[in-house]
Number of protein chains: 2
Amino acid sequence: MAKCHPRREPAVQLDHIHQGDCVEVLNSLPERSVDLVFADPPYNLQLQQELWRPNMTRVDAVDDEWDRFDDFAAYDRFTRAWLAGCRRVLKDTGTLWVIGSYHNIYRVGAILMDLGYWILNDVVWVKTNPMPNFRGVRFTNAHETLIWAQKERGARYTFNYEAMKALNDGLQMRSDWELPICTGAERLKLNGTKVHATQKPGALLYRVLAAASEPGDVVLDPFFGTGTSGAVAKKLHRRWVGIERHAQYVQVAAERIAQIEPGDLARELFVFPRKRAQARLPFGVLLEQGLLQPGQTLYFRDDDARPAQVLANGQIKCGERIGSIHEVARALLGAPSNGWEVWFFRAPGQPGQPIDYLRAQARAMRDGA
Amino acid sequence: MAKCHPRREPAVQLDHIHQGDCVEVLNSLPERSVDLVFADPPYNLQLQQELWRPNMTRVDAVDDEWDRFDDFAAYDRFTRAWLAGCRRVLKDTGTLWVIGSYHNIYRVGAILMDLGYWILNDVVWVKTNPMPNFRGVRFTNAHETLIWAQKERGARYTFNYEAMKALNDGLQMRSDWELPICTGAERLKLNGTKVHATQKPGALLYRVLAAASEPGDVVLDPFFGTGTSGAVAKKLHRRWVGIERHAQYVQVAAERIAQIEPGDLARELFVFPRKRAQARLPFGVLLEQGLLQPGQTLYFRDDDARPAQVLANGQIKCGERIGSIHEVARALLGAPSNGWEVWFFRAPGQPGQPIDYLRAQARAMRDGA
DNA sequence: GTTTCAACTGAATCATTGC
DNA sequence: CGCAATGATTCAGTTGAAA
């Protein structure tokens with residue numbers, strides 16, 4: 001394939017784990033090639049001593065080599081490097097998710113703002129079953145924080161609003177997500193011990209990917225670990241790219257993902273249609289289609305006191321005001337307004353209805369009904 | 001009194017609002033004189049345009065002069081100055097609370113770590129009634145973040161563990177606090193308009209002061225506003241010190257606090273978190289948890305004749321109907337219907353069961369099995 | 001007095017397209 | 001790039017008037 005396009009920058013190798021240092025690998029990838037980054041970086045927990053439960057069992061804490069940094073400055077340098085690397089490989093329309101705790105998330109958030117990322121939301125993962133505070137000296141640390149940011153302020157980005165709303169039984173999805181931690185059968189183990197100290201639940205990744213990517217999009221995870229993001233990406237028909245230093249994690253992740261069957265599921269199951277995607281339909285088309293007649297009367301919010309006359313050119317006239325349905329509505333309301341919703345028509349023997357109803361008819365006619 | 005100890009640094013003037021610039025006043029106060037700082041600094045929202053609700057009313061946004069900064073660098077300088085000032089006046093055993101949103105909290109958190117504060121917890125205030133996202137372009141911004149930090153790592157500090165546990169019906173108080181925003185009779189108004197754009201609920205301050213101070217302790221608020229922290233401090237028999245620039249806020253706060261009778265605890269301060277057992281569980285969670293798969297078939301009342309397909313966004317499709325489990329069931333029945341009871345799933349080699357069985361499983365997972 | 005309903009509101013970084 | 005035109009979009013709670 002590469003031979004066919006010798007001058008083009010190589011495409012990123014998809015559905016593949018790159019073993020190596022995260023910053024080095026990031027810098028070797030082509031720029032503007034990734035739609036979504038999910039990053040679960042080391043938290044720099046700085047734990048200093050062992051912790052024992054009241055029942056005298058020892059807490060198996062995160063003490064891995066990869067979570068040790070000399071000081072804040074070292075952690076900041078590392079953070080700036082990988083965040084900048086991710087920004088380079090992101091498409092301009094891409095977004096980034098980072099998860100962290102109070103140990104690191106404030107530093108991460110400040111640095112990504114300084115690098116030019118623009119925060120869209122922060123989201124709190126509220127854990128239904130967190131580890132208690134055994135010593136009774138602080139509040140139960142029952143949440144982690146995710147930051148969702150776009151590459152640059154003002155760019156277009158993917159947010160499957162309706163899908164999120166549907167997933168939340170018809171109410172807008174909020175910034176607090178209540179989900180259990182990764183335990184039981186979901187937790188990857190070897191010889192009875194957990195493979196990775198900080199494996200994230202698939203449900204968390206499901207929501208992230210479903211919210212902020214589309215089927216076929218490329219999802220990059222620079223701290224791949226045991227590959228939860230890749231596993232969920234495969235299930236949701238996204239492409240994935242992993243970066244991971246440690247051979248054991250790479251091996252476990254590869255095997256895990258290979259076992260997943262995205263299934264013969266129709267792709268359409270994973271397309272979340274957006275209302276915005278509907279093609280624009282000018283008001284004048286209603287005249288051309290014969291759904292409205294020149295001279296016919298419309299009523300502002302179905303109010304007899306404010307009739308308007310439909311002109312043959314697709315404008316309307318209300319008193320002395322002439323303009324589009326939107327312009328006249330805006331003048332009457334003193335506020336930005338959707339003319340399709342506020343102007344009503346009346347058919348003989350029928351109650352008034354918004355002209356948006358006629359637009360739906362016109363669309364059906366146009367789309368070949 | 002001062003005459004008796006002419007050589008000692010003067011004590012901070014208690015139960016008093018210092019009108020003036022917060023950093024200047026802080027630097028004029030005696031060092032190591034304060035037990036607890038509660039700070040609600042400007043968030044630097046950077047709003048750029050008007051926002052209208054779908055019903056064409058305008059959102060009354062925070063556009064006050066005190067929330068405007070030239071750039072991140074200016075905001076950081078300001079933040080470093082007041083955080084350093086607070087650290088100087090804090091006793092070594094003192095702690096600091098700061099509240100913020102994603103606009104500012106990451107910068108605040110990073111700076112306070114750099115200044116030597118040591119974070120004890122972060123806490124999320126989960127709002128029961130946040131403002132929705134009217135344009136459908138992000139998640140509902142439904143929480144704010146509080147950071148709780150001690151002056152220096154390892155010092156003794158006040159945490160009323162048992163009181164918090166009692167306040168949470170006998171369970172350890174967690175880092176997620178579910179509380180309503182400040183509305184209704186609690187919201188201070190003059191001539192029908194809110195006095196301050198960002199008045200915090202007393203219940204939030206109640207929990208902060210009850211957790212991290214003792215009766216008689218000195219509580220300092222460098223952004224006093226309309227004095228919620230002082231009002232709660234007085235109710236809880238703490239001493240308070242306020243700093244506020246604006247004369248009108250100072251006046252309103254002083255009058256408000258003067259009217260308070262300590263010990264006369266307002267009922268709204270005892271807002272308890274909702275029982276988790278009653279929490280709603282959206283159908284989509286079954287997908288996120290992997291209890292159902294996209295594309296899987298459900299059966300209306302276990303009837304082969306009416307299968308439905310589970311979509312990846314948590315809706316179902318039965319024939320040409322698409323909607324929530326409740327909506328589709330309602331359409332089939334012609335009556336309001338509980339989708340959890342009428343839709344059945346079938347596991348291999350098992351009789352069909354209502355999906356309510358899966359909801360019970362998901363709840364068990366969520367509630368910590 | 002009780003119930004119903006319309007109007008209003010809250011720390012909000014809140015659009016996209018074509019000229 | 002800027003500007004103008006088109007048009008998509010809300011949840012929980014309070015208040016007060018109407019029924």
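Labels below follow one simple rule: chain letters A, B, ... track the order of the sequence lines, proteins then strands, and each chain is numbered from 1.
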- prompt: Can a cation-pi geometry be assigned to A:Arg87 and A:Tyr117, taking NZ or CZ under 6.0 Å from the six-membered ring centre and within 45° of the ring axis?
  reply: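 Ring-cation test returns yes.
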task: Mark yes or no: B:Arg107 above the aromatic ring of B:Phe72, with NZ or CZ under 6.0 Å from the six-membered ring centre and no more than 45 degrees from the axis.
output: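 Flagged: B:Arg107 positioned over aromatic ring of B:Phe72.
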Compare side-chain N and O positions of [X] against OP1 and OP2 of [N] and report whether any pair is under 4.0 Å apart.
X        : N      : result
A:Asn338 : D:dT6  : no
B:Lys200 : C:dA11 : no
B:Thr57  : C:dT9  : no
B:Arg68  : C:dT13 : no
B:Gln49  : C:dA15 : yes
A:Tyr161 : D:dT10 : yes
A:Arg174 : D:dT10 : no
B:Lys127 : D:dA12 : no
B:Arg53  : D:dT10 : no
A:His326 : D:dG7  : yes

message: Heavy atoms only, 4.0 Å cut-off, all strands: where does A:Leu120 land among base, sugar-phosphate and nothing?
response: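 If one applies the 4.0 Å heavy-atom cut-off, A:Leu120 turns out to touch nothing in the nucleic acid.
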query: When we call it a touch if two heavy atoms are under 4.0 Å apart, what does B:Pro130 touch: a base, just sugar-phosphate, or nothing?
result: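 Since a base atom lies under 4.0 Å of B:Pro130, the category is base.
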Pairing check on [N]: which nucleotide meets the Watson-Crick or G-U wobble criteria with it, both distances under 3.5 Å?
N      : answer
D:dA8  : none
C:dA7  : D:dT14
C:dC19 : D:dG2

Anti versus syn assignment for C:dT13, with syn defined as within 90° of 0: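 You should classify C:dT13 as syn.
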Minimum heavy-atom distance between A:Thr128 and B:Arg174, given as atom pair plus value: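 In terms of heavy atoms, the two residues are closest at O-NH1, 4.0 Å.
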field: Near-parallel close stack of A:Trp118 and C:dT13 base (under 5.5 Å, under 30°)
entry: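 A stacking contact exists, since A:Trp118 sits close and nearly parallel to the base ring of C:dT13.
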- request: Between A:Arg156 and B:Asn55, just flag the one whose closest nucleotide in DNA chain C comes earlier from the 5' side.
  value: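 That would be B:Asn55.
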Whichever of B:Ala197 and B:Asn133 has its nearest DNA chain C nucleotide further upstream toward 5':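 Its nucleotide being nearer the 5' end, the pick is B:Ala197.
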query: C:dT13, C:dA11, C:dA12: which one has an atom nearest the side-chain heavy atoms of A:Met113?
result: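 Looking only at side-chain atoms, A:Met113 lies closest to C:dT13.
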query: Taking the side chain of B:Pro54 as heavy atoms from C-beta outward, which of C:dG10, C:dT13, D:dT10 is closest to it?
result: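 Selected nucleotide: D:dT10.
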field: Partner of A:Asp176 under side-chain contact (heavy atoms from CB on, under 4.5 Å), chosen from B:Val124, B:Asp176, B:Val126
entry: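 By the side-chain contact (heavy atoms from CB on, under 4.5 Å) criterion, A:Asp176 pairs with just one of B:Val124, B:Asp176, B:Val126: B:Val126.
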message: Which label fits B:Tyr249 and B:His196: parallel for a plane angle under 30°, tilted from 30 to 60°, or perpendicular past 60°?
response: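 Tilted, since the angle between the ring planes falls between 30° and 60°.
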